[in-house]
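Small disclaimer: the values here were computed from a predicted structure and weren't measured. For the numbers below, each heavy atom of this structure counts, side chains included, while hydrogens, waters and symmetry mates do not. In what follows, chains are A, B, ... by sequence order, proteins preceding strands, each numbered from 1.
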Protein chains: 2
Amino acid sequence: MDTQARPQGEPGAARRDSTAAILAAAERVFARAGFHGARMAEIAAASGLPKANLHYYFGTKDRLYRAVLEDILRQWVATAAAWIEPGRDPTEALAGYVRAKLADARRRPGASRIFASEILRGAPLLMPYLTEELRRQVAEMGVVIEDWAARGLIDPIAPPHLFFAIWAMTQTYADFDVQVRAVLGPEADDDAIFAAAEATVTRLVLRGCGVREDAGPQREDRQ
Amino acid sequence: MDTQARPQGEPGAARRDSTAAILAAAERVFARAGFHGARMAEIAAASGLPKANLHYYFGTKDRLYRAVLEDILRQWVATAAAWIEPGRDPTEALAGYVRAKLADARRRPGASRIFASEILRGAPLLMPYLTEELRRQVAEMGVVIEDWAARGLIDPIAPPHLFFAIWAMTQTYADFDVQVRAVLGPEADDDAIFAAAEATVTRLVLRGCGVREDAGPQREDRQ
DNA sequence: AACGAATCTGACCGTGCGGTCAAGATTCGG
DNA sequence: CCGAATCTTGACCGCACGGTCAGATTCGTT
């Protein structure tokens with residue numbers, strides 16, 4: 001926009017501000033249009049900087065896209081697996097995990113959409129992450145699940161498929177929000193949607209795992 | 001390919017053969033690349049016909065894409081809602097619906113991916129379908145669910161969100177198959193994956209709804 | 001103040017791709 | 001068997017869009 005907001009910046013401030021603005025704009029545009037559908041000119045306009053500027057900082061469209069993806073994954077990985085840990089009570093852990101994923105879907109839907117769109121393309125860039133980091137993480141969390149089952153806290157279940165189910169159910173509220181809203185009609189507001197989503201998904205997961213529901217989630221009032 | 005396969009065709013046979021080949025090829029290419037990522041030349045190559053031929057039959061890329069989408073929706077709608085019907089037993093109906101959706105995801109993953117990619121784009125073309133046909137269908141199926149609940153056959157649940165969950169869990173095996181395979185590793189074959197998927201999803205849905213599981217699915221052996 | 005480095009920007013370029021076209025080949029109706 | 005309609009092509013076009021560049025402007029340092 002205009003320069004007056006940065007009268008005397010610390011060194012490298014311009015770089016930081018510009019790249020942040022570009023990344024934010026790129027995340028929005030890539031989320032709605034996908035990699036191929038997104039236009040560099042559109043991202044430039046959305047970030048309030050001239051197109052040549054994007055190339056100054058990121059070189060090519062492909063590199064900008066990778067930067068966005070990495071930014072997303074960084075946060076993704078950081079918050080994941082904080083819930084499914086050995087010490088926890090299964091009910092609390094599973095409900096907490098679902099709640100965290102839903103909150104993420106609501107707060108940063110673009111990230112989920114970019115991830116989805118990348119997997120739809122065959123995950124050309126994410127493949128290493130999927131086969132290594134994610135696979136290892138699922139294996140670790142699977143041990144926890146199986147331990148709970150061995151101790152009789154939940155019924156035996158195929159851990160990876162349980163996670164596929166949880167991811168699918170939660171991310172659908174980010175990726176397919178258009179469909180959700182179309183089906184629910186215009187009178188459904190965000191709060192109502194996500195409250196009902198949390199109640200439903202939590203119930204399917206907890207009951208599906210066969211945990212005792214006595215110490216269940218605080219409230220499951222709204223239908 | 002070569003002409004010898006059609007020595008004496010009935011009228012319009014060429015049109016039917018060519019359009020069918022083009023539609024099939026287009027579905028494959030659009031599924032992996034999305035609308036913007038797909039190249040007309042690629043579809044042409046995949047269909048074994050020269051590019052100009054696609055334009056002869058479909059005019060523009062956009063119209064070809066619409067044709068593919070309509071083809072998908074036609075079959076989609078036809079098979080849906082055959083399961084969630086008033087007369088049925090909830091266990092049988094829900095398990096059957098899940099099984100049908102999973103079979104669809106396995107048999108025609110491209111269709112599911114194109115649908116997903118279209119919704120990710122904001123559903124520019126599908127919006128009428130979503131707000132009218134699908135919305136009405138969900139409302140009808142919701143009545144059935146609520147009727148089951150009223151008769152004490154299942155617990156009360158928010159019907160639309162139940163369907164969102166079922167769609168998400170089943171379609172994830174088509175849309176995100178790359179992720180599924182990456183996480184499960186190379187030793188997991190199709191049969192094993194879908195058997196475990198069916199067992200897991202069915203369990204979450206049936207228990208989530210609180211139906212008695214006596215007459216449950218035939219087998220749930222494999223992990 | 002002054003000079004080099006970093007940042008910014010409008011104007012420009014090459015090409016990949018959707019779409020066209022006109023001429024040739026095949027099929028169809030009578 | 002002939003003329004008309006349908007179908008099949010390779011060659012070609014225009015332009016949208018990713019990327020470049022050189023000159024202007026601002027920043028950081030002494």
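The listed nucleotides are C:dG18, D:dG19, C:dT9; the one nearest the side chain of B:Lys61 is C:dG18. Looking at the side chain of B:His55, the nearest of the listed nucleotides C:dT20, D:dG10, D:dG18 is C:dT20. Looking at the side chain of B:Ala52, the nearest of the listed nucleotides C:dG19, C:dT7, D:dT9 is D:dT9. Nearest to the side chain of A:Tyr57, among C:dT7, D:dT20, D:dT9, sits C:dT7. The side chain of A:Asn53 approaches C:dT9 more closely than any other nucleotide in the set C:dG18, D:dT9, C:dT9.
Comparing B:Pro50 and A:Gly59, the nucleotide of DNA chain D nearest to each residue sits closer to the 5' end for B:Pro50.
Under 4.0 angstrom from either OP1 or OP2 of C:dT7 there lies no side-chain N or O belonging to A:Ser18. Residue A:Arg15 has a polar side-chain atom (N or O) positioned under 4.0 Å from OP1 or OP2 of C:dT7.
Side-chain contact between A:Phe35 and A:Lys61: present, with at least one pair of heavy atoms (C-beta onward) separated by less than 4.5 Å. In this structure the side chain of A:Thr19 reaches within 4.5 angstrom of the side chain of A:Phe58, judged on heavy atoms.
One interatomic measurement links the two molecules: CG of A:Leu54 to C1' of C:dT9, which rounds to 12 Å at whole-angstrom precision. Atom pair A:Lys51:NZ and D:dC17:C1' shows a separation of 7 Å (rounding to whole Å applied). The nearest whole Å value for the distance from the CD1 atom in B:Ile43 to the C1' atom in C:dC17 is 12 Å. Atom CZ in A:Phe58 sits roughly 14 Å away from atom P in D:dG19 (whole-Å rounding). Put simply, NE2 on A:His36 is 13 Å from C1' on D:dG18, counting in whole angstrom units. The distance from atom CE of B:Met40 to atom P of D:dG14 is 20 Å, rounded to the nearest whole Å. In this structure, the CZ atom of B:Arg63 is 9 Å from the P atom of C:dT20, given to the nearest Å. Distance, B:Arg39 CZ to C:dT15 P: 17 Å, rounded to whole Å.
Each end of the helix from C:dA1-D:dT30 to C:dG30-D:dC1 yields a helix axis from five base pairs, and these two axes differ in direction by 30° (to the nearest 10 degrees).
Within 4.0 Å (heavy atoms only), B:Tyr56 reaches at least one base atom of the nucleic acid. Here A:Ala38 lies in heavy-atom contact (under 4.0 Å) with sugar-phosphate atoms only.
Salt-bridge annotation for B:Arg108 and B:Asp104: absent, with no side-chain N of the basic residue lying under 4.0 Å from a carboxylate O of the acidic one.
Listed for the A:Thr170 side chain is a donor-acceptor partner under 3.5 Å among the backbone atoms of A:Trp167. Put simply, the side chain of B:Arg88 gets close to the backbone of B:Trp83: a donor and an acceptor are under 3.5 Å apart.
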Tabulate below the donor-acceptor pairs under 3.5 Å that side-chain atoms of residues 112-122 of chain B make, not counting sequence neighbours, or state none.
unit_1, atom_1, unit_2, atom_2, d
B:Ser112, OG, B:Asp175, OD1, 2.8
B:Arg113, NE, B:Ala174, O, 3.2
B:Arg113, NH2, B:Ala174, O, 3.3
B:Arg113, NH2, B:Asp177, OD1, 3.1
B:Arg113, NH2, B:Asp177, OD2, 3.4
B:Glu118, OE1, B:Tyr65, OH, 2.5
B:Glu118, OE1, B:Arg121, NE, 3.3
B:Glu118, OE1, B:Arg121, NH2, 3.1
B:Glu118, OE2, B:Arg121, NH2, 3.4
B:Glu118, OE2, B:Leu125, N, 3.3

Below 3.5 Å, can you tabulate the donor-acceptor pairs from side chains in residues 136-144 of chain B to any protein atom, sequence neighbours excluded?
unit_1, atom_1, unit_2, atom_2, d
B:Arg136, NH1, B:Glu140, OE2, 3.4

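In this structure, A:Tyr97 and A:Phe163 have perpendicular ring planes: the angle between them is above 60°, well past the 30° mark.
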